[in-house]
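Just below is one structure, and these are the notes that go with it.
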Protein chains: 2
Amino acid sequence: MRTDPDLDDLDRRLLGLLQRDARRPLHELGDEVGLSPSAVQRRLKRLRASGVIRAEVAVLDQRALGVGLGSVVLVALVDDDPARHAAFRDRLRAEPAVQQCFGIIGQWDYVVLLLSRDIAENRELSAELFGPGTGVHRYETLPAYETVKSGLALPLQPPRPR
Amino acid sequence: MRTDPDLDDLDRRLLGLLQRDARRPLHELGDEVGLSPSAVQRRLKRLRASGVIRAEVAVLDQRALGVGLGSVVLVALVDDDPARHAAFRDRLRAEPAVQQCFGIIGQWDYVVLLLSRDIAENRELSAELFGPGTGVHRYETLPAYETVKSGLALPLQPPRPR
DNA sequence: GCCCCGCGTGCAAGATTCTTGCGTGCGCAC
DNA sequence: GTGCGCACGCAAGAATCTTGCACGCGGGGC
């Protein structure tokens, strides 16, 4: 899994293509980077096995699924008790409405991307996840009115000498 | 594109499976939901054409690509000039290191997910994107020390009567 | 300098998967 | 009751994926 993933330029170009569309046939990818389908196939196999490609997933449309409101929630827990933090994280991981969550440094402990149908549902979810009895000291909701950029695409800079 | 996306339970189950792994063969998906491969295929075709499935993409490993530091940046521009905001958004969209960005309501204007190799690169990127001459009034960087949950999976609740 | 070996490649055959025309059955409106 | 629309399963053909094989290139070791 964690073998030796030093990627050459061809790997990076293939990854760039796959980050936009993972359904392109091998011969198309090969044409773009100048490789035969089987060479592409072997590189992808290696990239998948080594864990560089973690998954290939479908990206769905929020509106079609009734997600009308996204919001960024900043959360601070009542103390630094590791068990409390672990429980909090587990709860967020289990909640489908929590799309993403990061532990951060500063006056807040976590930043949470919360998806909900509307403001009412957002309130319910917030109360359930961050309200009394959840170990949350305080939280601040930043409603998103516009998605400027979304996606999980990673920057594919070559390892620039510095 | 925007036709008639009322999804039944089978659609939702298929979408749930595809959000985890979009490479499963049709017969496997069919076995899970109790449908023939061709029935699954036709549903996917419809979901893709109607835009419910926006894309199928590869999810890459941050460490393997040298992304050592993620951070959440809260940004406020100097004023509400639409042209200034448009220019700011365009700049973020064009920057690969910006993984996500949302326009938000409150004392901040935007929340940005910024990916960088290390703290030094983070500083460079911050200066370039948010520093003097960029129209940014002030910004606050919240470094992420842990990814609790990441992904773009959407909640697939059935349309519950309320 | 020459040989050997490892590694990635292209080619091609076989296996798997996808795609689609066709006929059937079910539910609903008339 | 009948007709129609819609989704389904089946099966054949097309497209794609997978892998064994031989070749060429480059880096040591002798």
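Letters go in sequence order (proteins before strands), and every chain restarts at 1.
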For atom [atom1] of [X] and atom [atom2] of [N], their distance in whole Å:
| X | N | atom1 | atom2 | value |
| --- | --- | --- | --- | --- |
| A:D6 | C:dC7 | CG | C1' | 13 Å |
| A:L35 | C:dT9 | CG | C1' | 8 Å |
| A:D11 | C:dT9 | CG | P | 9 Å |
| B:R42 | D:dC6 | CZ | C1' | 11 Å |
| A:D9 | C:dG8 | CG | P | 16 Å |

For residues A:N122 and A:S71, is any side-chain donor paired with an opposing acceptor at under 3.5 Å? yes
Could you list, one pair per line, each protein nitrogen or oxygen that sits under 3.5 Å from a nitrogen or oxygen of nucleotides 15-17 of chain D, together with the distance?
residue : atom : partner : partner atom : Å
D:dT16  : OP2  : A:H27   : NE2          : 3.3
D:dC17  : OP2  : A:L26   : N            : 2.8

Can you name the closest pair of heavy atoms from A:A97 and A:L125 and give their distance? CB-CD1, 3.7 Å
Between B:L60 and A:R54 the two heavy atoms that sit nearest each other are O-CD, 3.7 Å
C:dC18 OP1/OP2 closer than 4.0 Å to side-chain N/O of B:K45: no
Check whether any side-chain nitrogen or oxygen of B:R43 sits under 4.0 Å from OP1 or OP2 of D:dC8, and answer yes or no. yes
In terms of heavy-atom contacts, does CZ of B:R123 have more than 12 from other residues, nucleotides or ligands at under 6.0 Å? no
Distance-only donor-acceptor test, B:S38 side-chain atoms vs D:dC8 base atoms, 3.5 Å: no
Should A:V75 and A:F130 count as side-chain neighbours, where that means a heavy-atom distance under 4.5 Å? yes
As an exercise, state the distance from NZ of A:K149 to CZ of B:F102, rounded to the nearest 0.5 Å. 12.0 Å
